[in-house]
Visitor: 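Let me begin by handing over the structure; questions about it come next.
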Amino acid sequence: MELPKTYDKSREDEIYSRWIEKGYFRATPNPDKKPYTIMMPPPNITNQLHMGHALNNAIQDILIRVKRMQGYEALWLPGTDHAAIATETVVVKALAAEGITKESLGREKFLEKMWEWYDKYGNTIVNQLKKLGSSADWDKLRFTMDEGLSKAVLEVFVRLYEGGKIYKGERLINWCTKCQTSISDAEVEHEDKEGNLYHFKYPVGDGFISFATTRPETMLGDTAIAVHPEDARYAALVGKSATLPLMNREIPVIADSYVDPAFGTGVVKITPGHDPNDFEIGERHGLPRINILNDDGTINENGGHYQGLTTAEARTKIIEEMTSLGLYIKTEPLSHAVGEHDRCGTVIEPLLKEQWFVKMDELAKPALEAYTSGKLKFNRERFGKIYKHWLDNIRDWCISRQLWWGHRIPAYYCPDGHITVQATAPSKCATCGSTNLTQDEDVLDTWFSSALWPFSTLGWPDKTPELDYFYPGNTLVTAREIIFTWVIRMVFSGIECMGDIPFTDVFINGIVRDDQGRKMSKSLGNGIDPLDIISEYGADVLRLMLVSGNAIDNDTRFYYERLDPARNSLNKIWNATRFILMTSTTSGEQSRLQADELLAYVSRPDAQLETEDKWILSSLNTVVKDVTEKIEAHELGMATQKIIDFIKDEFCDWYVEMVKPRLYSKDETARPSQEMAQNILRHVLLTAVKLLHPVTPFITEDLFLALQNKEETIMLSAWPQHNPALDFPHAEREIENLKEAVRGVRAVRTEKQVPPAKKIAILIQPDAANTAITTAKEALGFLAGASSVETLTDVPPAGAISVVIPGATIYLPMDSLVDAEKEKSRLAKEKARLEQEIARIDGKLSNQGFMAKAPEALVNAEREKRENFVQMLAKVVGELE
RNA sequence: GGGAGUAUAGCUCAGUUGGGAGAGCGCCUGCCUUACAAGCAGGAUGUCAUAGGUUCAAGUCCUGUUAUUCCCACCA
């Protein structure tokens with residue numbers, strides 16, 4: 001197989017198509033294998049893929065590919081669009097552009113149109129994710145609105161209703177006046193805004209009582225004035241009634257411990273219809289709840305002569321009226337939090353509405369228990385804390401939404417107001433038998449159905465082999481912001497419906513910011529489309545860039561400059577493969593050896609391994625172990641870095657260079673050694689490529705196919721195993737010394753400005769026989785650019801430059817180039833360095849505390865180092881004299 | 001108001017049981033050496049924010065401070 005000279009990203013589509021065609025992504029219940037299930041969060045299907053998706057997707061794909069290679073029946077269960085609200089917004093807009101509106105078509109027809117649109121464009125995000133190399137089992141994907149999930153949603157609703165865990169009631173909900181719907185607490189964004197604190201007073205008996213408010217318009221809905229029960233200033237007023245002048249309404253002065261006597265005047269006006277706290281106080285004191293707002297945010301008939309005004313207009317007029325009544329005191333600026341709808345930015349009005357709620361106290365308990373017992377784990381403890389904190393302070397979940405697009409609530413009303421809840425439309429009222437029934441107009445919060453994803457996609461409520469095999473799953477990878485809206489709800493829904501948590505590991509990743517550290521967003525226009533990056537660099541490069549050199553749980557910034565190093569690394573690996581393929585053509589025998597046979601070949605007992613062969617096998621062995629461990633610990637950045645570093649720094653820079661003399665040898669007797677080198681090159685690279693495959697799936701597939709022809713895909717090849725028989729610690733030390741020698745000679749060459757093309761003679765004086773310096777003479781000579789490498793038994797020639805390394809002294813006869821004075825100062829520097837090192841170690845070894853308490857292995861290691869330095873120092877001193 | 005993260009080389013960031021400060025980019029020098037100039041070799045660069053504490057030993061653990069980011073929250 002011929003590879004082009006530079007890394008070729010253009011084959012990604014072709015490779016992906018082949019994977020799909022071969023069905024490598026599919027997972028089915030298989031009793032001979034262990035299941036592994038990973039779940040993916042729901043990107044909004046109608047939106048563009050963004051960088052956050054790319055990172056998240058890369059992480060999940062890495063985990064799932066490793067598991068597949070490790071022999072698990074690994075299912076990546078994809079979620080897609082659950083964001084019904086956003087979908088509706090987008091679809092409605094798109095249809096409106098064609099002149100089609102809800103009003104013009106009516107509900108049924110309009111929904112039909114929306115379905116059409118959804119079918120037509122709904123796969124956008126899926127296709128985008130495929131570009132990234134996402135190996136989810138897309139066959140398992142079902143959209144939010146499909147039949148299977150609808151069935152599950154209805155089943156859960158009815159079940160919870162019958163169990164008393166869903167109720168309907170008048171509560172203050174977050175109302176978006178623009179979207180005309182209620183939204184959940186999690187969808188409200190609080191932002192500090194500069195506002196005003198207005199001070200007013202109401203007449204009480206003969207006097208007045210003063211208070212402050214940030215929202216004067218809500219005075220229209222006031223039904224009480226509250227003070228603290230132990231506040232002596234107002235004790236006499238409690239029980240009396242004040243006058244709300246705007247409405248000429250008498251309202252009681254009540255005492256409630258909610259009021260902070262130290263804040264402001266210690267008096268609070270109570271508006272149960274428009275403030276959550278006031279609502280609760282109203283509950284305690286049996287106060288009437290007055291709603292003064294229409295759904296569009298204007299004042300309704302309860303606002304008297306203010307009816308029809310917007311809240312802003314009403315506010316101005318009320319201040320005017322209060323002023324003219326002499327009841328206005330003052331205005332002072334105040335910065336306070338204002339809630340806004342996260343999708344449209346409209347200020348949220350707390351509004352009284354009949355809504356459906358899920359009672360959370362009972363559902364929250366087992367979800368909390370799952371975490372505190374350690375069954376549910378987070379990749380970082382701090383994310384677990386967020387989860388716990390939310391559950392500790394759980395409030396009932398408002399699940400009804402006033403939208404057209406979504407699962408309609410299966411509640412049916414008869415004219416007498418009786419409620420019948422059942423999955424299929426009932427023919428008559430369960431209470432009175434009336435056949436005149438109408439279904440609730442509201443639909444369910446999109447997260448209500450999303451929460452069922454882990455099991456509804458596997459067939460629940462039916463009993464299916466998939467559900468039995470793949471549930472409970474293993475890992476959920478998602479972003480921090482979705483812990484409340486999705487993670488927690490999946491957990492308690494799973495416990496409620498399946499009796500077990502849907503996954504045991506939650507992997508929270510950071511978000512990708514722009515180069516200034518800002519969140520990428522549409523409004524800022526600073527988003528970077530991953531597809532643009534892919535078309536320029538390829539998915540592998542993007543994935544490698546996103547994953548390497550980062551702690552994935554931390555936020556990361558996107559820099560275009562970071563793409564080049566990632567691409568360069570891949571190009572390096574690409575070319576290493578080319579080199580190996582080129583040199584292998586010198587012999588036909590070993591090119592027939594296949595992936596698994598290579599390992600057997602290099603590790604058989606009679607293998608004629610050179611020191612450098614043992615060293616690289618041993619290093620590879622360590623890398624296999626480290627990388628596997630790091631991935632298990634979800635430390636993907638470090639795992640990736642270790643693979644890349646090994647391939648570039650150890651394999652390419654040293655091993656490949658070391659064996660070149662063997663490969664190029666024309667000597668027939670060198671043939672076995674040559675073949676061994678070729679096979680080890682192949683084995684080591686093949687193994688490293690496998691380790692890298694989860695991160696950069698496409699290039700590694702190409703290289704895998706080029707390096708062997710027995711297996712048809714790297715995706716299903718076996719994950720490398722650490723093999724104790726291939727540990728060679730002695731060879732590792734030898735080669736480290738050899739590297740020291742090479743580096744030493746190279747440094748001297750640079751310093752003396754010896755042209756790279758000019759070869760120089762090298763004389764080695766080993767401290768003992770059989771060190772790598774003598775056994776790997778050929779490699780040393782090649783790496784250091786030597787014309788000859790001789791072992792020195794006699795005294796060194798006069799004027800030769802000496803390089804002291806552990807285990808040997810190297811002499812470079814360079815008479816014409818040597819400046820004796822400079823040479824002395826170089827050696828003196830080296831002497832000083834060694835003396836410093838020895839002094840540092842002596843400091844430790846003479847410290848009684850250290851000797852008494854430090855681990856023995858550490859003490860021995862320090863002693864060994866000292867010994868080494870002392871020997872080197874002696875040689876340096878010898879040279880100086 | 002409560003909680004959490006971050007602070008390490010000029011830049012962007014790694015550094016997970018505490019044991020000789022790292023990478024990439026950039027910079028300097030020399031090389032188109034028969035896998036790779038998207039490359040190779042050599043080199044310079046740090047009061048690990050700050051003040052204390054624990055320890056034989058702290059970038060790493062504890063406490064305070066400063067800067068910065070994020071999440072949560074009903075304070076009129």
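A quick note: this is a predicted structure, and the numbers were derived from the prediction, not measured. Note: hydrogens, waters and symmetry copies are ignored here, and every other heavy atom, side chains too, is used. Letters A, B, ... are given to chains in the order of the sequence lines, protein chains preceding strands, and every chain is numbered from 1.
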Visitor: Whole Å only: how far is the CG atom of A/Asp649 from the P atom of B/rA14?
Guide: 20 Å

Visitor: Looking only at atom C1', what distance separates B/rC48 and B/rG20, rounded to whole Å?
Guide: 15 Å

Visitor: What interatomic distance, in whole Å, is found between P of B/rG3 and the corresponding atom of B/rU63?
Guide: 13 Å

Visitor: Can you check salt bridge (charged side-chain N to carboxylate O under 4.0 Å, His left out) on A/Glu736 and A/Arg733, steps first, answer last?
Guide: CA-CA 5 Å; A/Glu736 287 311 318; A/Arg733 272 198 302 277; over 6 Å; no

Visitor: Can you tell me how far P in B/rA7 sits from the matching atom in B/rU12, rounded to whole Å?
Guide: 12 Å

Visitor: At 4.0 Å (heavy atoms only), tell me whether A/Tyr559 reaches a base, stays on the sugar-phosphate, or touches nothing.
Guide: sugar-phosphate

Visitor: May I have the distance from A/Met851 (atom CE) to B/rG19 (atom P), rounded to whole angstrom?
Guide: 19 Å

Visitor: In terms of side-chain heavy atoms of A/Asn554, which of B/rA35, B/rA14, B/rG20 is nearest?
Guide: B/rA14

Visitor: Identify all side-chain donor-acceptor contacts of residues 838-845 of chain A below 3.5 Å with residues at least two apart in sequence or on another chain.
Guide:
from	atom 1	to	atom 2	distance (Å)
A/Asp842	OD1	A/Arg866	NE	2.4
A/Asp842	OD1	A/Arg866	NH2	3.4
A/Asp842	OD2	A/Arg866	NH2	3.3

Visitor: I'd like to know if A/Glu536 and A/Arg567 make a salt bridge, using a cut-off of under 4.0 Å between side-chain N and carboxylate O.
Guide: no

Visitor: Centre of A/Phe211's six-membered ring, under 6.0 Å away, within 45 degrees of the axis: is that where NZ or CZ of A/Lys269 sits?
Guide: no

Visitor: Just to be sure I understand the rule, does A/Arg866 reach a base, reach only the sugar-phosphate, or reach nothing, if contact means heavy atoms closer than 4.0 Å?
Guide: nothing

Visitor: Base, sugar-phosphate, or nothing for A/Tyr664, non-hydrogen atoms under 4.0 angstrom?
Guide: sugar-phosphate

Visitor: Taking any heavy-atom pair under 4.0 Å as a contact, classify A/Tyr560: base, sugar-phosphate, or nothing.
Guide: nothing

Visitor: In whole Å, I'd like the distance from the CD1 atom of A/Ile647 to the C1' atom of B/rA35.
Guide: 14 Å

Visitor: Is it true that A/Lys388 and A/Asp392 have a side-chain N and a carboxylate O under 4.0 angstrom from each other?
Guide: yes

Visitor: Classify the nucleic acid contact of A/Ala576 as base, sugar-phosphate or nothing, counting any heavy atom under 4.0 Å across all strands shown.
Guide: base

Visitor: Using the C1' atom as the point on both nucleotides, what is the distance between B/rA51 and B/rG43, in whole Å?
Guide: 37 Å

Visitor: Regarding A/Glu657, tell me which of base, sugar-phosphate or nothing describes its non-hydrogen contacts under 4.0 Å with the strands shown.
Guide: base

Visitor: Please confirm whether A/Arg480 makes a cation-pi placement over A/Trp390, using NZ or CZ under 6.0 Å from the six-membered ring centre and within 45° of the ring normal.
Guide: no

Visitor: Of A/Asp555 and A/Lys385, whose closest RNA chain B nucleotide lies nearer the 5' terminus?
Guide: A/Lys385

Visitor: For the CD atom on A/Glu856, are there more than 12 heavy atoms of other groups (residues, nucleotides or ligands in this structure) within a distance under 6.0 Å?
Guide: no

Visitor: In the structure I gave you, are the side-chain heavy atoms of A/Val506 and A/Tyr387 within less than 4.5 Å of one another anywhere?
Guide: no

Visitor: Taking only side-chain nitrogens and oxygens of A/Lys388, does any of them come within less than 4.0 Å of OP1 or OP2 of B/rG3?
Guide: no

Visitor: Please classify the nucleic acid contact of A/Lys865 as base, sugar-phosphate, or nothing, using heavy-atom distances under 4.0 Å.
Guide: base

Visitor: Side chains of A/Ile318 and A/Leu220: closer than 4.5 Å at any heavy-atom pair?
Guide: yes

Visitor: Rounded to the nearest Å, what distance is computed from the NZ atom of residue A/Lys630 to the P atom of nucleotide B/rG15?
Guide: 9 Å

Visitor: Give A/Lys572 one of three labels, base, sugar-phosphate or nothing, depending on what nucleic acid heavy atoms sit under 4.0 Å from its own.
Guide: base

Visitor: Which is more 5' along RNA chain B, the nucleotide nearest A/Arg840 or the one nearest A/Asn847? Just name the residue.
Guide: A/Arg840

Visitor: Between A/Ala364 and A/Leu391, what is the shortest heavy-atom contact and its length?
Guide: CB-CD2, 3.9 Å

Visitor: When we call it a touch if two heavy atoms are under 4.0 Å apart, what does A/Pro350 touch: a base, just sugar-phosphate, or nothing?
Guide: nothing

Visitor: In terms of side-chain heavy atoms of A/Cys652, which of B/rA35, B/rG42, B/rA76 is nearest?
Guide: B/rA35

Visitor: Please map the stems of RNA chain B, keeping only stretches of three or more Watson-Crick or G-U wobble pairs with both distances under 3.5 angstrom.
Guide: B:1-7 with B:66-72, B:10-13 with B:22-25, B:27-31 with B:39-43, B:49-53 with B:61-65

Visitor: What integer distance in Å separates A/Gln848:CD from B/rA57:P?
Guide: 14 Å

Visitor: Taking CG from A/Leu663 and P from B/rA35, how many angstroms apart are they, rounded to a whole number?
Guide: 10 Å

Visitor: For B/rA9 versus B/rG26, give the span between their C1' atoms, rounded off to a whole number of Å.
Guide: 11 Å

Visitor: So if I take every side-chain heavy atom of A/Arg395 and compare against B/rC74, B/rA38, B/rU69, which nucleotide ends up nearest?
Guide: B/rC74

Visitor: Just checking A/Asp645: base, sugar-phosphate only, or nothing, at a heavy-atom cut-off of under 4.0 Å?
Guide: nothing

Visitor: Please report the distance, rounded to the nearest Å, between CZ in A/Arg557 and P in B/rA7.
Guide: 12 Å

Visitor: Which value, in whole Å, describes the distance between the P atoms of nucleotides B/rC40 and B/rA35?
Guide: 13 Å

Visitor: How far, in whole Å, is B/rU34 from B/rC28 if one measures between their C1' atoms?
Guide: 29 Å

Visitor: Nearest whole Å is fine: how far is B/rC11 P from A/Phe558 CZ?
Guide: 21 Å

Visitor: Pick the C1' atom in B/rG19 and in B/rC61, then give their distance to the nearest Å.
Guide: 14 Å

Visitor: Would you mind classifying the nucleic acid contact of A/Arg382 as base, sugar-phosphate or nothing, using non-hydrogen atoms under 4.0 angstrom?
Guide: sugar-phosphate

